[in-house]
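Computed from a prediction, not measured in an experiment: that's the story for all the values here. Atoms within a ligand are numbered from 1 in the order they appear, just like the ligands themselves. Starting from 1, each residue takes its place in the sequence as its number.
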Amino acid sequence: MTDADDADSTASATDANASAGGPNGPTGTEASAADDDFTVTPYAVEGEVDYGRLLERFGADRLTDEQVERFPDHPLLRRRIYYAGRDVDQFLDAAEAGETHSIVTGRGPSGPMHLGHVMPFYLAKRIQDETGARVFVPLSDDEKYLLKEQSSDEIREHARDNLKDLLAVGFDPERTRFVIDGPDADAVYPTATRVAKRVTQSTVDATYGEPPNVGLSFYPAVQATHLLLPQLLHGSHPTLVPVAIDQDPHVRVCRDVAGKEAFDVQKPGALLGKFLPSLDGPGKMSASDDAPGIELTDDPDDARDKIAQYTYSGGRVDVDEHREHGGDPEVDVAYQLLYYFLEPDDERVERLAREYRDGELLSGELKEIAAERLGEFLRDHQRRRAALGPLAEELAPYRLTDEERARLGATVV
Ligand code: TRP
């Protein structure tokens with residue numbers, strides 16, 4: 001039990017209302033949150049995010065070296081892109097003991113998937129390969145319809161397109177389920193209703209800011225349901241939710257509800273990640289931002305051009321200056337892409353940073369290396385995507401079975 005859990009077992013300080021900082025978010029127990037000049041909620045990420053302060057605001061724990069060592073080895077963990085969590089030890093204990101353990105990580109289908117969007121899925125796949133974790137991949141078509149100025153046809157088209165990217169990751173169909181809120185409403189809705197009865201409107205307002213419509217007042221109950229699916233189907237067991245940290249409010253709402261006696265479940269844990277910087281500088285790489293992002297379906301040559309043209313450089317104004325004073329890899333987006341994702345070899349990535357700082361490596365050269373690695377990643381991903389057959393057929397082994405639907409209350413007879 002962490003301190004945060006001790007707190008959330010009392011009525012006054014719950015996981016959910018530990019949050020703040022939304023446009024209408026009261027500060028809950030964290031009085032100083034209002035002093036920060038950044039906002040992180042599932043619906044808005046603004047300002048320069050201070051990842052350390054955010055943990056205090058949200059009441060999550062920084063990952064320890066020991067925890068990172070217990071996970072299957074992955075650069076996203078080794079380099080602390082996933083840098084914090086909740087109840088990570090319970091998940092690791094179960095994985096090591098060969099007991100049931102699950103991962104839930106989803107996608108809101110509001111546009112093409114970008115490099116940053118796919119990170120948690122490749123991480124989940126790596127963990128599944130090594131520990132046999134069950135993986136649940138919910139698609140919140142309802143959430144994006146309620147949130148965005150898009151028709152349901154547009155959202156459906158994005159969902160179909162995103163599903164191909166998610167299938168291309170290559171999860172084990174025996175141990176993986178894809179759940180799409182609209183088409184799978186029969187399986188999701190009964191639990192969402194039970195959850196919704198136990199979440200107040202003021203918790204929603206405090207956690208996310210006042211919702212623009214009643215659909216988004218209800219949606220947190222749907223995402224909480226996603227996080228409970230593994231346990232509703234396979235009994236109480238540790239669940240880990242790897243997400244970018246803007247999704248943590250959903251985890252907190254779910255943990256509050258999971259603590260109530262109506263559900264025979266453990267609170268889902270979380271693995272919280274930093275945002276992949278957008279090409280033109282720090283911030284969140286998002287399909288909704290103006291800056292171009294790298295899409296998983298970008299032609300590798302176009303992606304190379306995006307890197308050459310748009311990536312914010314930590315280099316100096318000219319070659320002589322750069323040779324003399326060196327560049328700054330910390331703010332250089334080409335370097336950051338290599339560090340986050342594209343160069344898994346620690347020695348190599350450290351050498352690049354060193355050579356860049358020393359002025360030996362020029363900004364253009366660094367971009368060239370990032371573009372090269374990016375091309376390899378995109379070609380591999382796209383090869384697997386192109387090898388897929390018709391979507392319905394590919395998806396079939398990943399859908400909830402009739403028996404699973406029945407267990408979720410989706411039948412009356
Ligand atoms: N809300 C998430 C997003 O906007 C998508 C999502 C739905 C999700 N259900 C989830 C993410 C469960 C993690 C776990 O990106």
- Task: Please step through side chain to side chain contact (heavy atoms under 4.5 Å, CB included) for the pair I127 and H74, ending with a clear verdict.
- Result: CA-CA 9 Å; I127 297 174; H74 196 283; over 6 Å; no
- Query: Going by distance alone, is a donor N or O of one side chain under 3.5 Å from an acceptor N or O of the other, for T131 and H101?
  - Reply: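 Yes, H101 and T131 have a side-chain donor paired with an acceptor closer than 3.5 Å.
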- Query: Without hydrogens or angle criteria, can the side chains of Q67 and D89 be said to hold a donor-acceptor pair below 3.5 Å?
  - Reply: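 There is such a pair between these side chains.
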- Pair Y145-H158, ring pair (Phe, Tyr, Trp, His ring centres under 6.0 Å): steps then yes or no: CA-CA 11 Å; Y145 175 72; H158 291 313; over 10 Å; no
- Looking at the rings of Y340 and Y335, which for Trp means the six-membered one, are their centres under 6.0 Å apart?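 No - the distance between ring centres of Y340 and Y335 does not fall below the 6.0 Å cut-off.
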- Task: Mind jotting down which protein residues get a heavy-atom contact under 4.0 Å with ligand 1? Chain and number order, please.
- Result: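 For ligand 1, the residues that come within the 4.0 Å heavy-atom cutoff are T105, G106, R107, G108, P138, S140, E143, K144, Y219, Q223, H226, L227, V243, Q247.
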- State whether the side chain of K274 and the backbone N or O of Y83 hold a donor-acceptor pair below 3.5 Å, judged by distance alone.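 Such a contact is absent between K274 side chain and Y83 backbone.
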